2 protein chains.
Amino acid sequence: MDQVKTDPRIIRTRKLIMDTFIDLSSKKEFKDITVKDITTEAMINRATFYYHFEDIYDLLDKALSEVLLVNLKSEEYEQEELNEGSLISIFKAITNFQMSLSNRCHRGYEDTIARIIRDQLEVLFYKMLSKEHDAKENETLKIAAVMLSWGLYGASVEWRRNSQNVTPEEYIKSVIPFITKGIQ
Amino acid sequence: MDQVKTDPRIIRTRKLIMDTFIDLSSKKEFKDITVKDITTEAMINRATFYYHFEDIYDLLDKALSEVLLVNLKSEEYEQEELNEGSLISIFKAITNFQMSLSNRCHRGYEDTIARIIRDQLEVLFYKMLSKEHDAKENETLKIAAVMLSWGLYGASVEWRRNSQNVTPEEYIKSVIPFITKGIQ
DNA sequence: ATGGAAGTGTTGGATATCCAACATTTCCAT
DNA sequence: ATGGAAATGTTGGATATCCAACACTTCCAT
């Protein structure tokens with residue numbers, strides 16, 4: 001996969017920072033977390049933080065992406081077809097992730113988080129679509145991926161707001177034919 | 001206390017190595033643990049191991065000392081007098097430590113471990129004795145510390161072998177007058 | 001408004017850790 | 001016994017991390 005393996009110090013330090021950040025996130029709101037908080041708690045130098053991340057928003061971005069990736073178990077999906085089964089489990093992963101976030105007070109950063117989720121979904125959908133379609137449809141596939149990611153994300157927001165009385169699976173299942181077979 | 005604070009990287013790495021070692025010790029016998037095992041598990045470079053420890057015996061030495069120190073809560077005792085109360089709790093610490101070790105298969109290394117325990121005790125006793133006696137008795141105090149450490153250690157071995165039906169406290173309590181007031 | 005305390009990013013030189021390579025020793029199957 | 005595989009220590013150069021210092025911004029008590 002990776003031609004050059006990354007220095008173990010880098011893996012160690014990034015994990016330390018991210019874990020500490022996620023840990024702190026469950027105790028404080030994001031806006032009250034400073035870079036110094038993280039670095040002292042993680043026992044790494046503040047300068048080292050800036051060696052790995054541009055700023056604290058960059059960390060938020062990467063930390064959430066990582067957590068979401070775990071939920072999405074991306075490598076597995078990339079092997080799969082884009083059908084009813086995989087769509088349902090992706091949707092469940094999204095709602096799971098959002099529910100887990102809601103315990104961790106990131107109030108005021110919904111926009112950032114939403115963008116991160118959609119970015120991840122878009123990449124994933126694009127990969128899956130590419131496997132089943134010709135390369136010359138490239139631009140079309142990208143747009144399709146964008147629409148799918150916004151669409152599924154929007155559905156998850158709607159579900160969280162109004163429909164938690166039904167399971168995510170039930171919620172999304174009925175509309176899947178419109179995705180796979182089109183609105184006709 | 002420490003005039004120069006030690007580099008956080010050193011603290012981090014030593015802890016990683018020691019924790020990994022103690023962890024491995026509960027799964028394998030000491031003689032089957034290699035330096036490579038430890039370093040790969042701890043995700044640090046083998047060369048780094050030799051930067052901190054002479055060899056694996058040096059690690060055993062330092063790791064056990066550290067664990068024992070925690071049991072002895074050394075700083076606290078150093079404040080205290082050498083009387084019935086402190087002797088009892090030190091004895092309890094020793095037996096505690098030995099019982100915790102016996103779960104961790106260090107078979108064949110009793111001698112090394114015994115030496116480490118006695119060394120630690122000797123240092124502690126010497127400090128406590130020095131506080132209550134004149135500096136010019138120095139050499140005598142050192143010998144007394146040696147005898148106390150061997151004596152208490154020996155008692156703990158005996159207790160472990162033959163007398164686990166009584167508590168360590170009961171076991172040692174009766175003989176304490178011989179220590180504090182002499183055999184007369 | 002103003003000054004000071006705390007947070008942010010950045011820098012250069014010091015130090016710890018990594019890595020690959022090497023010679024040596026230990027182990028053990030044949 | 002012998003040869004090869006694995007473990008041990010060691011080394012030099014590359015890289016990540018530390019630290020102290022700096023200029024700059026943000027906040028907020030007076």
Side-chain angles (χ1 to χ4, degrees), chain A residues 1-25 27-64 66 105-109 112, chain B residues 1-25 27-64 66 105-109 112:
Chain A
M1 302 291 149
D2 300 331
Q3 13 255 46
V4 250
K5 10 180 166 173
T6 70
D7 193 309
R9 287 172 286 186
I10 290 185
I11 299 173
R12 208 165 35 232
T13 303
R14 290 217 173 118
K15 180 161 167 42
L16 216 74
I17 294 178
M18 289 203 183
D19 287 352
T20 305
F21 173 60
I22 290 184
D23 191 50
L24 277 180
S25 297
K27 296 175 189 149
K28 283 186 185 186
E29 291 196 35
F30 176 72
K31 72 174 172 48
D32 295 329
I33 298 177
T34 76
V35 173
K36 193 150 198 284
D37 288 340
I38 298 169
T39 55
T40 43
E41 178 79 14
M43 290 209 298
I44 60 116
N45 195 278
R46 207 161 53 82
T48 306
F49 176 93
Y50 290 105
Y51 182 88
H52 293 280
F53 304 98
E54 287 203 2
D55 52 30
I56 204 171
Y57 299 97
D58 186 34
L59 170 61
L60 174 65
D61 195 272
K62 289 177 173 151
L64 290 187
E66 190 126 313
C105 325
H106 283 284
R107 260 167 296 168
Y109 288 85
T112 311
Chain B
M1 298 292 148
D2 298 333
Q3 14 256 44
V4 252
K5 9 181 168 175
T6 70
D7 192 309
R9 287 172 285 185
I10 290 185
I11 298 173
R12 206 162 40 229
T13 303
R14 290 218 174 117
K15 181 162 167 41
L16 247 172
I17 294 178
M18 289 205 184
D19 286 353
T20 305
F21 173 60
I22 291 184
D23 191 52
L24 277 180
S25 297
K27 296 176 190 150
K28 282 187 186 187
E29 293 196 35
F30 176 73
K31 71 175 172 48
D32 295 329
I33 298 176
T34 77
V35 174
K36 193 149 197 284
D37 288 340
I38 298 169
T39 54
T40 42
E41 178 78 15
M43 290 209 299
I44 59 115
N45 196 278
R46 207 160 52 83
T48 305
F49 176 93
Y50 290 104
Y51 182 88
H52 293 280
F53 304 97
E54 287 203 2
D55 52 31
I56 204 171
Y57 299 97
D58 186 35
L59 170 61
L60 174 65
D61 196 272
K62 290 177 172 150
L64 290 187
E66 189 127 313
C105 323
H106 283 285
R107 259 167 297 168
Y109 288 85
T112 311

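As the structure is a computational prediction, the values presented were derived from the model and not from experiment.
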**Asked** Run the side-chain contact (heavy atoms from CB on, under 4.5 Å) check on B:Asp55 and B:Asp58 step by step: do they pass?
**Response** CA-CA 5 Å; B:Asp55 52 31; B:Asp58 186 35; 3.6 Å; yes
**Request:** Do nucleotides 6-13 of chain C as a string where each nucleotide becomes B, S or -: B if the base has a protein heavy atom under 4.0 Å, S if just the sugar-phosphate does, - if no protein is that close.
**Result:** -SBBBB--
**Message:** As an exercise, state the distance from CD1 of A:Ile38 to CG of A:Asp23, rounded to the nearest 0.5 Å.
**Reply:** 11.0 Å
**Prompt:** Under 4.0 Å: is that the gap between some side-chain N or O of A:His52 and OP1 or OP2 of D:dT17?
**Reply:** yes
**Request:** Output all residues satisfying side-chain hydrogen bond (donor to acceptor under 3.5 Å, both in side chains) with A:Lys36, sequence neighbours left out; order by chain, then residue number.
**Result:** none
**Request:** Measure across A:Asp37 and A:Asp32 and return the closest heavy-atom pair with its distance rounded to 0.1 Å.
**Result:** OD2-O, 3.6 Å
**Item:** Atom-to-atom span, NZ of A:Lys5 to C1' of D:dT15 - whole angstrom
**Value:** 16 Å
**Fill in**
Overall bend of the helix from C:dA1-D:dT30 to C:dT30-D:dA1 (five pairs an end, 10° steps) is 40°
**Request:** Would you please name every residue forming a salt bridge (charged side-chain N to carboxylate O under 4.0 Å, His left out) with A:Arg9, sequence neighbours left out?
**Result:** A:Asp7
**Prompt:** Can a side chain N or O of B:Tyr51 be found less than 4.0 Å away from OP1 or OP2 on C:dT17?
**Reply:** no
**Request:** Identify, residue by residue, the members of residues 8-15 of chain B with a heavy atom below 4.0 Å from DNA chain C, and return them in order of residue number, or none.
**Result:** B:Arg9, B:Ile10, B:Thr13
**Request:** Find the distance between NZ (B:Lys62) and CD (B:Glu54) and round it off to the nearest 0.5 Å.
**Result:** 7.0 Å
**Item:** Residue-phosphate contact under 4.0 Å: A:Asn45 side-chain N/O, D:dT17 OP1/OP2
**Value:** no
**Message:** Counting C-beta onward and ignoring hydrogens, is there a side-chain heavy-atom pair between B:Phe53 and B:Val35 closer than 4.5 Å?
**Reply:** no
**Asked** If you round to the nearest 0.5 Å, how far is CD1 of A:Ile22 from CD1 of A:Ile17?
**Response** 12.5 Å
**Item:** Any donor-acceptor pair under 3.5 Å from A:Thr13 side chain to A:Ile10 backbone
**Value:** no
**Complete:** Atom CD1 of A:Ile44 and atom P of D:dC19 are separated, to the nearest Å, by 11 Å
**Message:** For the CG atom of A:Leu64 and the CG atom of A:Leu59, what is their distance to the nearest 0.5 Å?
**Reply:** 8.5 Å
Show me, pair by pair, the donor-acceptor contacts under 3.5 angstrom made by side chains of residues 41-52 of chain A, not counting sequence neighbours?
from	atom 1	to	atom 2	distance (Å)
A:Asn45	OD1	A:Ala47	N	2.9
A:His52	ND1	A:Arg14	NE	3.3

